[in-house]
Structures are given as C-alpha cells and as structure tokens.
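Computed from a predicted structure; not experimentally measured.
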Amino acid sequence: MNQLIKMDEEYRKWIEDIGKRYKQRQIKASVSVNQEMIGFYWSNRKRYCRKVG
C-alpha cells in the first residue's frame, strides 16, 4: 500500500511538472508572437509614412 501511495505522489508531481512546463512554453510562444506582431506593425507604419510623405 505504501508503495502505491508513493507512486501516486510521484505521478502527481510528474503531471504538475508537465503542466508547468507546458504553461512556460505557452508564455514563451506568446511573447515571441507578440514581438513579431509589433515588428510587423512598426514596419507597416514606416512604409505608410514613407508613402504618405
């Protein structure tokens, strides 16, 4: 019985770790997308300003 409880606790920790790492990757991906979108908007603004004068 004690072995089963230990395995359950290890499994729970493993699942928590997967969840934490997944969330970290989501945040990292969001930051990357936001950086790319900001760059895209700035480049469009520059092109527009050059075109308008």
Compile the donor-acceptor pairs under 3.5 Å between side chains in residues 25-33 and protein atoms, sequence neighbours left out, one pair per line.
residue: S30; atom: OG; partner: Q26; partner atom: O; Å: 3.0
residue: S32; atom: OG; partner: K28; partner atom: O; Å: 3.2

Those residues that, when tested against E16, pass side-chain hydrogen bond (donor to acceptor under 3.5 Å, both in side chains) (two or more places apart) =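 Expected list: R12.
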
With sequence neighbours left out, write down each residue that passes side-chain hydrogen bond (donor to acceptor under 3.5 Å, both in side chains) with N34, or none if nothing qualifies.
->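 If we apply the side-chain hydrogen bond (donor to acceptor under 3.5 Å, both in side chains) test to N34, skipping adjacent residues, there are no hits.
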
Any chance you could measure N44, atom CG, to C49, atom SG, to the nearest 0.5 Å?
->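 It is 11.0 Å, given to the nearest 0.5 Å.
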
Run the numbers on K13 and D17 for salt bridge (Lys or Arg N to Asp or Glu O under 4.0 Å), then give the verdict.
-> CA-CA 6 Å; K13 287 179 182 179; D17 182 57; over 6 Å; no

In chain order, what residues pass the side chain to side chain contact (heavy atoms under 4.5 Å, CB included) check against [X], with sequence neighbours excluded?
X   : answer
K46 : R50
Y11 : W14, I15
Y48 : V52

Do other residues, nucleotides or ligands put more than 12 heavy atoms under 6.0 Å from the CD atom of E36?
->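 Result for CD/E36: open.
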
